[in-house]
Engineer: 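Before anything else, here's the structure in question.
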There are 2 protein chains.
Amino acid sequence: MTEDVRRSPERAKRLPRAVREKQILDAAVAVFSRHGYHSASMDEISDVAGVSKPMIYSYLGAKEDLFLHCIRREAGRMLQAVQAGIKPDVPPDMQLWHGLRSFYGFVAEYRESWTVLHRQALTVGGPFAGEVDALRSRAIELVSGLVVSAGARKGLAEQAEFSGEGLAAALVGAAESLADWWLDHSDVSDGVLASWLMNLIWLGFNDLVEGEVWRPTEQ
Amino acid sequence: MTEDVRRSPERAKRLPRAVREKQILDAAVAVFSRHGYHSASMDEISDVAGVSKPMIYSYLGAKEDLFLHCIRREAGRMLQAVQAGIKPDVPPDMQLWHGLRSFYGFVAEYRESWTVLHRQALTVGGPFAGEVDALRSRAIELVSGLVVSAGARKGLAEQAEFSGEGLAAALVGAAESLADWWLDHSDVSDGVLASWLMNLIWLGFNDLVEGEVWRPTEQ
DNA sequence: GGCGTAAGGTTACTCAGCGGTAGGTAAGGC
DNA sequence: GCCTTACCTACCGCTGAGTAACCTTACGCC
């Protein structure tokens, strides 16, 4: 069951702290993503990292601290990836498009990061809920900004019949859920995935069945 | 921290098995929803249920079995609630509408059920992933049916440029995510919530900012 | 009415897994 | 040669799942 994704051959070489920390974090993300926070054991992490347990405690602290380090690192990577993809001076739909593309690109490249962030950190009551909520909130905020700015350009915001934040939450959820679905249907490319969602969100179902299609313009 | 949501005053009365089983399941759902599967202890569950631990083992089996019983019961309730709300002989958008209304009605009434199903059971690798996936799959399937039938009526299915299942997954995710958002913004009514999502899904963002609104017809 | 027995119920324990640490060894710079 | 940094083995103690053994009330049956 627990295959042999164990430590790499080199061992017992004295390496600088920064390198070990990276190894440990990588191992931790891998193990946490496989088993979840509670079921992951420090022993396995140390084993995968090719380092003894006390090193982990000495470098990155207790289990909770370690997990926090993981979350923070992966969340940072992800936000950075998505934000880097967004071009601030294009219309809202194109911003959304680029954001989606970057997001799915990230998930494709860092499956484990995504798993840790999305599935493992959700356990209610843990000290991580806050951390992940923060990430999610930033995502919702980001999208909400697009939503409101798109709405404002056309007068939606004023009528206040819809909550920008609520819609953004729904949208983020749709993106996440599609990402999860994707994990089991990897034969679709990330671009196609982003395109589906973009069409659903932007045109809506009604337009979609009418045969309309949204396509990115050249910007 | 762990308030006094303990057993009710009556105690030490001999009750028939069926009654005890219900008490135990109720308690288990409450505790699991608060702490998550791993952090929930059998001791607390027995305490909340007002019953000693061996009874749980005798009636409902080990922790895993107990959790499975919870999931199955809550999933059953939920599916039943949603399906009961759907009227099979109305247009796809109205079916979706009724489904959404029932869904949010259920979440409003059974917060704990929703929490257990959605947040606690997701831990990868557990024996529950399958169980919850099954529920999710049925939801996706249900929606996918609507999507495809709506599409077929207009010729979308044939062009096969979109995956009905993928879109359904996105849609289910949007609904779930909005339900989560709702847990922290309960000042919105379930009908309004369903209406937001319906508009987003059916009309899409573009139409929305143009000022169009989808409203349920009288069926 | 008594009396046997199954169903309801409990206390008090075992035991393994795992988070965390004490205390020590070796490498290498200066 | 000495001190810092890298690194290890071997252990402790607690928490929490699961159980053995025992008590007790209802009730069918002669």
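Sequence lines set the chain letters: A, B, ... in the order given, protein chains first and strands last, and positions in each chain run from 1. What you see below is based on every heavy atom in this structure, not just the backbone, and it leaves out hydrogens, waters and symmetry mates.
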Engineer: Determine whether A/Asp180 and B/Arg136 satisfy the following criterion, salt bridge (charged side-chain N to carboxylate O under 4.0 Å, His left out), listing intermediate values before the conclusion.
Structural biologist: CA-CA 12 Å; A/Asp180 282 349; B/Arg136 202 184 161 79; 5.2 Å; no
Engineer: For B/Tyr57, is the NZ or CZ atom of B/Lys63 found under 6.0 angstrom from the centre of its six-membered ring and inside 45 degrees of the ring axis?
Structural biologist: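 Here B/Lys63 fails the 6.0 Å and 45° test against B/Tyr57.
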Engineer: Starting at atom NE2 of A/His38, determine the distance to atom P of D/dG16, rounded to an integer number of angstrom.
Structural biologist: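 So the two atoms are 11 Å apart, to the nearest Å.
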Engineer: To the nearest Å, how far apart are B/Asp43 CG and C/dC13 P?
Structural biologist: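 Rounding to the nearest Å, CG of B/Asp43 and P of C/dC13 are 15 Å apart.
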Engineer: Out of D/dC8, C/dT11, D/dG16, which nucleotide sits closest to the side chain of B/Pro54?
Structural biologist: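 Among the listed nucleotides, the one closest to the side chain of B/Pro54 is C/dT11.
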Engineer: Counting only side-chain heavy atoms from C-beta out, which of C/dG8, C/dT21, D/dC8 sits nearest to A/Lys53?
Structural biologist: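 Of all the options, the side chain of A/Lys53 is nearest to C/dT21.
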Engineer: Just the rounded figure in Å: distance from C1' of D/dC8 to CZ of A/Arg20.
Structural biologist: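 Whole-Å distance recorded here is 12 Å.
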Engineer: Under 4.0 Å between a side-chain N/O of B/Tyr59 and OP1 or OP2 of C/dA7, yes or no?
Structural biologist: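 No, outside the criterion.
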Engineer: For A/Gln83, does the CD atom sit with more than 12 other heavy atoms under 6.0 Å from it, leaving out its own atoms?
Structural biologist: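 Correct, the count exceeds 12.
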Engineer: Given the side-chain rings of B/Phe103 and B/Trp114, with only the six-membered ring counted for Trp, is the space between their centroids under 6.0 Å?
Structural biologist: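 Yes; B/Trp114 has its ring centre under 6.0 Å from that of B/Phe103.
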Engineer: May I ask you to verify if any side-chain N or O of A/Arg14 is less than 4.0 angstrom from the OP1 or OP2 atom of D/dT5?
Structural biologist: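 The answer is no; no side-chain N or O of A/Arg14 sits under 4.0 Å from OP1 or OP2.
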Engineer: In whole angstrom, give the distance that lies between atom CG of A/Leu66 and atom C1' of C/dC18.
Structural biologist: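 Distance check: A/Leu66 CG to C/dC18 C1' gives 15 Å.
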Engineer: To the side chain of A/Tyr57, which of D/dA17, C/dT21, D/dC8 is closest?
Structural biologist: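 So the side chain of A/Tyr57 is nearest to C/dT21.
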Engineer: Counting side-chain heavy atoms from C-beta on, which of C/dT10, D/dA6, C/dT21 comes nearest to A/Met55?
Structural biologist: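 In terms of side-chain proximity for A/Met55, the closest of C/dT10, D/dA6, C/dT21 is D/dA6.
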Engineer: Checking all strands, does B/Met42 fall into the base, sugar-phosphate, or nothing category for heavy-atom contacts under 4.0 angstrom?
Structural biologist: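 Since only primed, P, OP1 and OP2 atoms lie under 4.0 Å of B/Met42, the category is sugar-phosphate.
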Engineer: Give the rounded distance in Å between these two atoms: CZ of A/Arg17 and P of D/dT4.
Structural biologist: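 It is 16 Å, rounded to the nearest whole Å.
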